[in-house]
Amino acid sequence: CVAGSNVSIGYFSQHAMDILRPEQTVQEVIQNAMPTSGLGVIRNLCGAFLFRGDAVEKRVANLSGGEKSRVVIATLLARPLNLLVLDEPTAAMDAQAEATIFEHFSAMSSQRIVILISHRFSTVRMAEQIVVIQDGRIIEHGNHAQLLAQAGHYAHLFALQAKGYL
């Protein structure tokens with residue numbers, strides 16, 4: 001999808017996983033997203049998204065929801081997109097996979113604008129700018145520390161989520 005002058009958009013939603021072809025392997029999906037790249041580059045991207053060794057040969061049909069999410073996100077990062085809209089990208093991932101993916105994600109998305117939609121504070125707290133929307137209106141914005149210091153809606157919701165872990 002192209003919008004405006006020199007803007008290439010990539011979009012992730014839970015439905016994005018439906019476009020994966022079940023007969024393809026993880027490596028084939030990534031290779032299709034970056035056809036001019038060598039095998040080493042493709043395997044490195046697979047590894048960054050936790051597909052190492054024989055795991056790159058797993059067929060999409062045999063992947064869990066979280067694994068499919070990782071494949072779709074990797075393909076978005078493999079393409080020359082400068083605007084990514086990610087709607088609940090880690091909803092199907094376990095906490096360890098999410099943490100590992102975001103370690104690599106930050107470095108791979110540094111030259112892009114990323115709009116990340118999430119209800120998980122573990123996901124949004126690393127954002128440079130967080131926008132809190134309620135009833136279709138922006139009610140707060142800032143980074144994680146600023147929003148906690150404001151002691152508003154974000155801080156309240158963060159405390160509720162954190163309480164579940166204590």
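Closest non-hydrogen pair, Cys46 versus Val56, comes out as CB-CG1, 3.7 Å. When all heavy atoms are compared, the tightest approach of Ser118 to Thr123 is OG-CB, 3.6 Å. Between Ala78 and Leu45, the shortest heavy-atom contact is CB-CD2, 3.7 Å. Shortest non-hydrogen contact noted between Ile101 and Ala48 is CD1-O, 4.0 Å. The two residues Ala155 and Ala151 make their nearest non-hydrogen contact at CB-CA, 3.7 Å.
The backbone N or O of Gln111 sits nowhere less than 3.5 Å from a side-chain atom of Asn82 that would complete a donor-acceptor pair. For Arg125 (side chain) and His144 (main-chain N/O), no donor-acceptor pair under 3.5 Å exists by modelled atom type. Side-chain N or O atoms of Gln24 include none that pairs as donor or acceptor with a backbone N or O of Arg59 at under 3.5 Å. Of the possible polar contacts, one joining the Thr25 side chain to the Glu28 backbone as a donor-acceptor pair under 3.5 Å is found.
To the nearest 0.5 angstrom, Ile115 atom CD1 is 9.5 Å from Leu84 atom CG. The structure places CD1 of Ile9 at 10.0 Å from CD1 of Ile113, a figure rounded to the nearest 0.5 Å. In this structure, Lys163 NZ and Leu160 CG are separated by 6.5 Å, a value rounded to the nearest 0.5 Å. Note: Ser109 OG to Ile73 CD1 = 11.0 Å, rounded to the nearest 0.5 Å. To the nearest 0.5 angstrom, Ile30 atom CD1 is 8.0 Å from Met34 atom CE. To the nearest 0.5 Å, the span separating CG on Leu147 from CD on Glu140 amounts to 5.5 Å.
Looking at Leu86 and Ile117, their side chains never come closer than 4.5 Å, going by heavy atoms from C-beta outward. A 4.5 Å side-chain heavy-atom check between Leu83 and Arg112 finds every atom pair outside the cut-off.
Linking ILVMFWY side-chain heavy atoms closer than 4.5 Å, directly or via other members, places Val71 and Leu50 in a single hydrophobic cluster. Cluster annotation: Ile133 is not connected to Val85 through the hydrophobic network of ILVMFWY side chains, with a link wherever side-chain heavy atoms come within less than 4.5 Å.
With sequence neighbours left out, the side-chain contact (heavy atoms from CB on, under 4.5 Å) criterion links Glu128 to no other residue. In this structure Ser13 satisfies the side-chain hydrogen bond (donor to acceptor under 3.5 Å, both in side chains) test with no other residue, sequence neighbours excluded. The side-chain hydrogen bond (donor to acceptor under 3.5 Å, both in side chains) check on Gln96 picks up Thr100, with sequence neighbours excluded. Phe121 meets the ring-ring contact (aromatic ring centres under 6.0 Å, His included) test with Tyr154, Phe158; sequence neighbours excluded. Gln129 is linked by a side-chain hydrogen bond (donor to acceptor under 3.5 Å, both in side chains) to His141, counting only residues two or more places apart in sequence or in another chain. The salt bridge (charged side-chain N to carboxylate O under 4.0 Å, His left out) check on Arg79 picks up nothing, with sequence neighbours excluded.
The environment of Asp94 atom CG is dense: over 12 non-hydrogen atoms of other residues, nucleotides or ligands sit within 6.0 angstrom. Within 6.0 Å of the CD1 atom in Ile138, the count of heavy atoms belonging to other residues, nucleotides or ligands does not exceed 12.
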Listing, residues 14-22 side-chain donor-acceptor contacts under 3.5 Å, not counting sequence neighbours, or none:
from, atom 1, to, atom 2, distance (Å)
Gln14, NE2, Glu88, O, 2.7
Arg21, NE, Glu23, OE2, 2.9
Arg21, NH2, Glu23, OE2, 3.0

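Contacts classified as side chain to side chain donor-acceptor pair (under 3.5 Å) and involving residues 63-77 (residues at least two apart or in different chains) are given here: Lys58-Glu67, Ser64-Glu67. Here ring pair (Phe, Tyr, Trp, His ring centres under 6.0 Å) pairs that include residues 46-68, with residues two or more places apart or in two chains, number zero. Under the side chain to side chain donor-acceptor pair (under 3.5 Å) criterion, the residue pairs touching residues 29-50 are Gln27-Arg43, with sequence neighbours excluded. Counting only residues at least two apart or on different chains, no ring pair (Phe, Tyr, Trp, His ring centres under 6.0 Å) pair has a member in residues 25-47. Judged as a ring pair (Phe, Tyr, Trp, His ring centres under 6.0 Å), the pairs with a partner in residues 83-102 (not counting sequence neighbours) are, in order, Phe102-Phe105.
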Checklist entry - Is there a side-chain contact (heavy atoms from CB on, under 4.5 Å) between Asp87 and Tyr11 once you walk through the steps? => result CA-CA 8 Å; Asp87 188 357; Tyr11 178 68; 3.6 Å; yes
Checklist entry - Run the side-chain contact (heavy atoms from CB on, under 4.5 Å) check on Val26 and Leu63 step by step: do they pass? => result CA-CA 9 Å; Val26 170; Leu63 298 177; 3.9 Å; yes
Item to check | side-chain contact (heavy atoms from CB on, under 4.5 Å) assessment of Met126 paired with Leu116 | outcome: CA-CA 11 Å; Met126 59 108 179; Leu116 177 63; 4.3 Å; yes
